[in-house]
Asks: 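To start, I am sharing the structure in question, which I have written as structure tokens.
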Amino acid sequence: MDAAEYDLPYFRRNGFRRRTCAGCGSAFWTLGDHERCQEAPCQEYTFLGRPIFGKPYELRAMREAFLSHFEREGHTRLRRYPTVARWRNDVFFTQASIYDFQPWVTSGALPPPANPLTISQPVLRFIDLEEVGRSGRHFTLFEMMAHHAFNRPDHEVYFKDRTVELCHGLLAGTLGADPRGITYKEEVWEGGGNLGPSLSVGIAGLEVATLVFMEYVRDGDALRPMPLTVVDTGYGLERLTWASQGTRTAYEAVFGRELEELRRSFPPHEAAVLIDHARALNFLLTDGVVPSNSKAGYFARLLLRRSLRILSKVPGGPELPSILERTAREIARDFPEVGEHRDDVRKVVEAEIEKYGEALERARQTIRRTEERLRADGRTVTGDDLLVWYDSLGVPPEVAVEELKSPPAIPDDFYTRVAARHEAEKPTVDEEAPETPLPELPTTVPPTEVLYYLDPYTVSFEGRVVATIGPYVVLDRTFFYPTGGGQVADRGHLDDLEVVDVARRGPWIFHKVEGAAPFAPGAKVRGRIDPVRRTQLMQHHTATHLLNGALREVLGPHVWQTGAYKAPDVARIDVTHYRGLSAEELRRVDRTVNGIVRENRPVKSYFENRSEAERRFGFTLYQGGAVPGKELRIVEIEGFDVEACGGTHCTHTSEVGAVSLLDVERIQDGVVRLTFASGDRALELREEHEAILKEAARRLGVAVVELPAGIDRLLAEVAAGRRTAKTLRQGDLEATAEALLGDPARTETVGASTIVAANVELDRGGLMELSRLLGRVPGRVAILAAERDGKGTLFVGSTAPGVSALEVLEAAKGAFNGKGGGNPSAATAVGEPGAPLAAAVGAARTAARAALAR
RNA sequence: GGGCACGUAGAUCAGCGGAAGAUCGCUGCUUUCGCAAAGCAGAGGUCGGGGGUUCAAAUCCCCCCGUGUCCA
């Protein structure tokens with residue numbers, strides 16, 4: 001980056017000088033006379049015991065000092081965004097304050113909610129998890145304090161110069177740091193195809209802020225200026241607080257009394273981990289993350305289990321729910337929503353503790369058994385076993401070692417090796433390509449006016465053709481709903497042509513007809529929408545919102561929709577929840593939903609400015625995931641549920657008719673799926689189900705109410721029948737055995753033993769069973785032959801001392817080119833088709849005789 | 001989203017190519033005033049589902065389904 005980028009009038013005006021750091025070699029600006037930039041590792045911490053600001057601040061006071069400083073400087077204070085980035089689908093968590101404004105604001109598509117603005121944004125960083133508690137300065141969740149400005153060519157708010165002035169004013173003015181002790185180090189920031197200069201702000205060895213100026217788009221090697229430039233700053237609230245107090249570690253400054261309390265039971269670094277995780281968890285769980293084994297939920301589980309592991313070292317010590325509750329109370333002073341979710345968070349946590357206990361207990365058993373088995377083989381547990389156990393059972397090596405009688409050493413590079421096990425993983429393969437992508441249209445084609453938003457009941461309209469490409473027709477206006485938001489597309493007609501699909505691309509809605517569309521641009525066409533299908537889709541969509549609201553009411557605010565599907569015949573909703581639904585919970589959901597249906601509440605659909613809607617309803621709006629645009633379409637079921645949604649909806653809840661829950665299943669850890677139907681389809685299904693029940697009852701010859709009992713009886717009969725068949729067969733076989741033993745032509749006695757040889761019509765299982773019966777008395781050799789599909793089977797069983805069935809078989813195999821094997825008491829072989837089975841039997845008899853004679 | 005482990009009797013699991021097992025629980029009998037317990041006898045399994053390999057599959061291979069776990 002060109003040095004001129006950093007040569008700011010503010011620096012010049014105020015006597016800053018540009019120096020080169022003797023440590024890292026970077027250029028930096030300062031009023032002082034440092035040889036080095038004031039950041040680690042070039043400069044050691046000098047604030048420990050010697051606070052650098054005018055007075056010590058607690059976390060809350062520092063936050064307030066920061067925000068009010070920027071308010072005085074003309075910024076608008078914003079409330080925090082959720083730590084789970086619901087408005088984006090490229091990341092799980094909010095990792096910086098600028099995430100709040102990506103991508104819509106930073107791309108220029110949406111005006112910022114305020115400009116300039118200041119915010120305290122709790123952000124999550126899982127990369128440094130191992131450092132938390134050890135380094136003295138890392139946190140899983142920290143508050144990124146920020147002031148942002150968004151500049152358009154026609155509206156410049158402020159950029160580099162003013163940013164540095166504001167920053168310096170905060171540190172040296174409001175907070176009272178020695179102005180000479182601050183250094184601004186020149187750096188380059190790059191991300192997401194954009195880049196720009198940045199300044200890293202150091203005091204007393206601590207990097208307290210980064211000032212980023214998003215200015216250019218990378219275009220190969222060239223840089224193009226961005227139409228919208230962005231001031232992206234980030235100040236570490238915890239670091240500022242720490243620097244103001246000068247305590248030994250940041251944890252003492254940030255957590256104060258609560259940390260002290262935990263230190264009575266735990267070593268300092270573990271106490272710090274506990275309280276750090278408790279803070280992160282309170283935000284995560286309040287923002288609706290349900291612990292699970294995948295996606296965002298995994299991180300919540302990770303933090304929970306790490307905490308539980310530490311807590312388990314001190315039996316009878318503090319417990320996780322109470323630690324969480326205490327920290328929640330503290331956080332709630334500034335973020336009241338965290339206090340409001342306390343009960344729900346407790347439930348989620350308790351369910352998770354229970355699951356962890358069960359998983360651990362299972363794992364312990366497996367470990368103990370595995371060791372015993374290995375020991376029986378004269379082997380011992382190795383470090384590799386520890387690795388596999390951690391990976392597949394979730395047992396940390398320290399826990400596994402406790403369980404072992406002769407534990408191996410835990411490999412030093414344990415977690416590196418865990419990572420190595422995952423390196424071979426295949427990269428994600430994308431789903432099969434979507435069916436024929438929609439064609440591109442020139443930008444001269446006017447956007448489709450979307451009419452179904454305004455009136456979902458109109459099913460007949462006139463439009464003008466603006467473009468046709470192959471089977472696709474684009475109109476100037478349409479009431480046809482395109483596939484989207486989990487709702488399938490409308491069907492119907494354009495004039496006499498059937499519309500088989502409707503899809504959206506960019507600002508256009510494409511109607512697909514059979515064959516090439518015969519319309520000329522400019523032609524007027526009449527659109528008619530299949531009204532039955534549309535009505536059913538509306539009912540299913542509104543019912544989905546009703547269910548979502550009801551599930552949240554019954555199960556708690558951690559419930560979020562993770563997916564939904566609305567077709568004419570059936571609809572589904574997937575929501576996050578920490579266990580399956582009980583029959584009772586299901587009943588309550590059913591009653592709640594159908595109650596709201598009967599109350600006939602109004603369902604209002606309208607557009608609202610995004611920022612305003614977020615302010616009024618919060619981020620629970622984004623149940624369907626991220627939605628684009630500066631205006632949100634809001635669907636509000638009065639006093640019950642509000643979501644951002646582009647679907648077609650009923651205008652009153654009673655139009656939904658009735659909601660029938662058809663099925664509930666846990667589709668993965670932390671997600672339950674409800675399948676349901678509403679409106680006429682619900683009635684239709686009910687009739688279908690009734691008919692099925694009646695038919696089943698008729699076939700069973702019982703009344704419908706007696707079906708369950710009838711089925712039980714039937715099952716019992718089947719079981720009895722199976723038992724009878726078994727006994728009968730057993731009886732037959734026993735009779736056969738008796739007959740064979742009494743038949744001198746088929747038996748011969750050698751010493752105390754008897755050889756029985758016979759051809760029987762039995763399958764493999766029968767041969768085995770018969771041989772077993774013949775061998776009930778010791779001293780018998782059974783040689784049985786059966787013929788099936790032209791292939792002969794020879795079975796040899798032996799209970800005679802010194803006679804191996806396997807050896808007898810081996811001796812006979814050659815006679816009919818048989819393949820097979822077995823063990824000394826039983827052996828079978830199957831011969832080639834047409835091979836002489838009788839010869840094989842003869843050979844077996846000879847072999848048996850010889851063996852007995854020995 | 002990907003990797004790994006696991007699905008066998010009501011429960012917990014063993015068996016990991018050759019004739020389905022153990023322990024607890026259950027039923028009956030013996031003993032006991034009763035309980036606890038002991039002894040004896042017995043019932044209970046399409047070895048998660050479907051394909052394949054093999055003379056032979058709970059066991060090996062593939063695909064599903066389910067459970068758990070690690071990682072992003």
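Each chain gets a letter, A, B and so on, in the order the sequences are listed, and its residues count up from 1. Values below: all heavy atoms of this structure, side chains included; hydrogens, waters and symmetry mates excluded.
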Asks: A:Ser825 near the nucleic acid: base, sugar-phosphate alone, or nothing, with a heavy-atom cut-off under 4.0 Å?
Replies: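 Since a base atom lies under 4.0 Å of A:Ser825, the category is base.
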Asks: Students often get this wrong, so: under 4.0 angstrom with heavy atoms, is A:Lys791 touching a base, only sugar-phosphate, or nothing?
Replies: nothing
Asks: Toward the 5' end of RNA chain B, which comes first, A:Glu665 or A:Ala826, by nearest nucleotide?
Replies: A:Ala826
Asks: Kindly confirm or rule out a cation-pi arrangement of A:Arg125 over A:Phe142, judged by NZ or CZ under 6.0 Å from the six-membered ring centre and within 45° of its axis?
Replies: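 No; the conditions do not both hold, so A:Arg125 does not lie above the ring face of A:Phe142.
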Asks: Partners of A:Phe92 by side-chain contact (heavy atoms from CB on, under 4.5 Å), sequence neighbours excluded?
Replies: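 Scan of A:Phe92 (side-chain contact (heavy atoms from CB on, under 4.5 Å), adjacent residues dropped) gives A:Lys295, A:Ala296, A:Phe299.
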Asks: What contact category does A:Gly820 fall into here, base, sugar-phosphate, or nothing, at under 4.0 angstrom with non-hydrogen atoms?
Replies: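 Base contact - A:Gly820 has a heavy atom under 4.0 Å of at least one base atom.
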Asks: Tell me, please, which residues at least two apart from A:Glu319 pass salt bridge (charged side-chain N to carboxylate O under 4.0 Å, His left out).
Replies: none
Asks: Please set out all donor-acceptor pairs under 3.5 angstrom arising from side-chain atoms of residues 770-780 of chain A, sequence neighbours excluded.
Replies:
{"unit_1": "A:Arg780", "atom_1": "NH1", "unit_2": "A:Leu774", "atom_2": "O", "d": "3.0"}

Asks: Could you run down the sub-3.5 Å N/O contacts of the protein with nucleotides 40-51 of chain B?
Replies:
{"unit_1": "B:G44", "atom_1": "OP1", "unit_2": "A:Arg723", "atom_2": "NE", "d": "3.1"}

Asks: Taking side-chain contact (heavy atoms from CB on, under 4.5 Å) as the definition, give me every residue that meets it alongside A:Glu354, ordered by chain and number, with sequence neighbours left out.
Replies: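 In terms of side-chain contact (heavy atoms from CB on, under 4.5 Å), with neighbours along the sequence ignored, A:Glu354 is linked to A:Glu358.
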Asks: Using a 4.0 Å heavy-atom cut-off across all strands, classify A:Ala359 as base, sugar-phosphate, or nothing.
Replies: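 Here A:Ala359 touches the backbone only, sparing every base.
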Asks: Within the structure shown, what part of the strands sits under 4.0 Å from A:Asn293 by heavy-atom distance: base, sugar-phosphate, or nothing?
Replies: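 Answer is base: heavy atoms of A:Asn293 come under 4.0 Å of a base.
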Asks: Across the strands shown, which category fits A:Thr793 at heavy-atom distances under 4.0 angstrom: base, sugar-phosphate, nothing?
Replies: nothing
Asks: With sequence neighbours excluded, tell me which residues meet salt bridge (charged side-chain N to carboxylate O under 4.0 Å, His left out) with A:Arg729.
Replies: A:Asp763
Asks: With a non-hydrogen cut-off below 4.0 angstrom, is A:Glu769 in contact with a base, only sugar-phosphate, or nothing?
Replies: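 Nothing, no heavy atom under 4.0 Å.
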Asks: Taking atom types as they are modelled, is there a donor-acceptor pair under 3.5 Å from the base of B:U69 to the side chain of A:Asp391?
Replies: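 Side chain to base: no pair below 3.5 Å.
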Asks: Suppose we screen for side-chain contact (heavy atoms from CB on, under 4.5 Å). Which residues come up paired with A:Thr846, at least two apart in sequence or across chains?
Replies: none
Asks: Report the residues that fulfil side-chain contact (heavy atoms from CB on, under 4.5 Å) with A:Arg746, sequence neighbours left out, ordered by chain and then residue number.
Replies: A:Leu740, A:Asp743, A:Ala758
Asks: Taking only heavy atoms on the protein side, list every residue of residues 802-818 of chain A lying under 4.0 Å from any atom of RNA chain B, sorted numerically.
Replies: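 Nothing qualifies; none.
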Asks: Under a cut-off of 3.5 Å for both distances of each Watson-Crick or G-U pair, what dot-bracket string does RNA chain B give, using [ ] for crossing pairs and | for inter-strand pairs?
Replies: ((((((((.[[[[.)..(..]]]].(((((.......))))).....[[[[[..)....]]]]]))))))).
Asks: Who are the salt bridge (charged side-chain N to carboxylate O under 4.0 Å, His left out) partners of A:Arg849, not counting sequence neighbours?
Replies: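 Partners of A:Arg849 by the salt bridge (charged side-chain N to carboxylate O under 4.0 Å, His left out) criterion, ordered by chain and then number, come out as A:Glu748.
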Asks: Throw together a table of side-chain donor-acceptor distances under 3.5 angstrom for residues 407-418 of chain A, partners on residues two or more places apart or in other chains.
Replies:
{"unit_1": "A:Arg417", "atom_1": "NH2", "unit_2": "A:Asp384", "atom_2": "OD1", "d": "2.5"}

Asks: Are side-chain N/O atoms of A:Gln668 and A:Ser292 paired as donor and acceptor at under 3.5 Å?
Replies: no
